[in-house]
Amino acid sequence: MSVRLTGHPLSVSAAMRALSGRGLGGVVLFAGRVRPDLGPSGPVVALVYEIHEMPALRRLRELEGAARRRFGAERVVLWHRFGRLKVGEVSAIVGAACAHRAQAFAATRYLIEELKASVPIWKTERARPSRRPRPRPSRRVGRSAG
Amino acid sequence: MSVRLTGHPLSVSAAMRALSGRGLGGVVLFAGRVRPDLGPSGPVVALVYEIHEMPALRRLRELEGAARRRFGAERVVLWHRFGRLKVGEVSAIVGAACAHRAQAFAATRYLIEELKASVPIWKTERARPSRRPRPRPSRRVGRSAG
Amino acid sequence: MARESVTVLLFGPARQATGTGELAWPVSLGGIPAQTLLRELARRFPRLAPTLRVSRFVRNGRYLARLSTRLRPGDEFAVHPPYGGG
Amino acid sequence: MARESVTVLLFGPARQATGTGELAWPVSLGGIPAQTLLRELARRFPRLAPTLRVSRFVRNGRYLARLSTRLRPGDEFAVHPPYGGG
């Protein structure tokens, strides 16, 4: 089982290793990447992710347990990055390894929907690299890297 | 778009790169791995995958097109390995990158189900490393590496 | 050690509306109900008011069930606007 | 160049049943219907017969629509038992 909140880049090959185990024939991974949406102040060039660490970790661990009970997931990855991410960077990797693929698809879909709805993570758009000083970010996890 | 039949190991990080593109926020990957099932002659230690290359490539390209039309998938990975694979090795990587995650899940699920049902690929169980000479495998793609 | 203030954490839109991620909010030693602190925050940061109406609140890492709960000096009180991870 | 045989490719269970992945099957210059070749194969390899009943057939890379299609010297004829990739 693997829950991780980090300021560093996320690796899908590391996620695959975390999802390894004998008898786990089906692995499904979801990776979220920063999209160049058009924000109110122009095209988005980056997102700043903030996380409230303690309640986020508690909720992620609950989701791990739910994926195991409801879908028979034997390995789970729930990784999220915080700080400033440029367009194209991976913000989250969510995945499940199960004996069979139908369970792995269902578990991974469940995990990403629940992560979005119920884990205290926020993203703020950056329309262009800002030169002026930004407001002091929230402490705990989630300070902007840029 | 990416269709590949290979005798070499498959890399999920290479698959992620193949699924990159501006505006593609949702990436879903399925990886199939050799499971240590119990076969008729004992626990499976390896599988030998054979592929009939020409009709397999043609069908995979049809599936690429279908994923684009039906699910708006802008990048598709349909990779399969042939030859002798040990338990735990990745036999296939199937994935789709779309603007939104619901499409990416639906496309990836569609692709793996269709790959299993309609692409000329076969697996044969090996209960233990065999010392005796094996039957000459089919030519084209799919010769056993072991 | 209890200080004579509540640490208020502001995330996402709440941080944007106030220009800060963290405030030390003075309270009396006996503390104040969460709803009182929210009223004071909305008065000081008018742009924050709409966000507060759609937020959940977390005291010392646990979701707050009732806004009548008293916040005491040294408590951490977090404003959680709707989540947007992934 | 046309040889006086059809190249028969045998995959998966068909290869296991025959012990080979490829056969050069002699045919007359005018060729033979696919169903005749299948009957001859089943006679030569009795263990192959059950697999042939659940297989699809591919001539020169294209699925065969009718078993009456003639196979001619130089053709490639593949036996496709049910697929099992992934």
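Letters go in sequence order (proteins before strands), and every chain restarts at 1. Model, not experiment: these values are computed from the prediction.
The nearest pair of heavy atoms linking A:Tyr49 to C:Gly84 is CE2-O, 4.3 Å. The heavy-atom pair separating C:Leu10 from A:Glu50 by the smallest distance is O-OE1, 4.0 Å.
Of the possible polar contacts, one joining the A:Ser91 side chain to the C:Gly86 backbone as a donor-acceptor pair under 3.5 Å is found. With C:Tyr83 contributing its side chain and A:Leu115 its backbone, the two residues share no donor-acceptor pair below 3.5 Å.
Below 4.5 Å, heavy atoms of chain A meet heavy atoms from C:Val58, C:Asn60, C:Gly61, C:Arg62, all part of residues 48-62 of chain C.
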Report task. Test side-chain contact (heavy atoms from CB on, under 4.5 Å) on C:Glu76 and A:His52 and set out the steps. Result -> CA-CA 12 Å; C:Glu76 180 186 280; A:His52 193 183; 3.3 Å; yes
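For a residue to count as touching a neighbouring chain, one of its non-hydrogen atoms must lie under 4.5 Å from one of that chain's; by this rule A:Arg58 touches chain C with the side chain only.
For chain C, the option among A:Lys116, A:Met54, A:Arg81, A:Arg33 with the highest count of heavy-atom pairs below 4.5 Å is A:Lys116. Ranked by heavy-atom pairs shorter than 4.5 Å toward chain C, the options A:Pro55, A:Ala92, A:Gly32 are led by A:Pro55.
Side-chain contact between C:Pro81 and A:Trp122: present, with at least one pair of heavy atoms (C-beta onward) separated by less than 4.5 Å.
Separating the CD1 atom in A:Ile51 from the CZ atom in C:Phe11 is a distance of 9.5 Å, to the nearest 0.5 Å.
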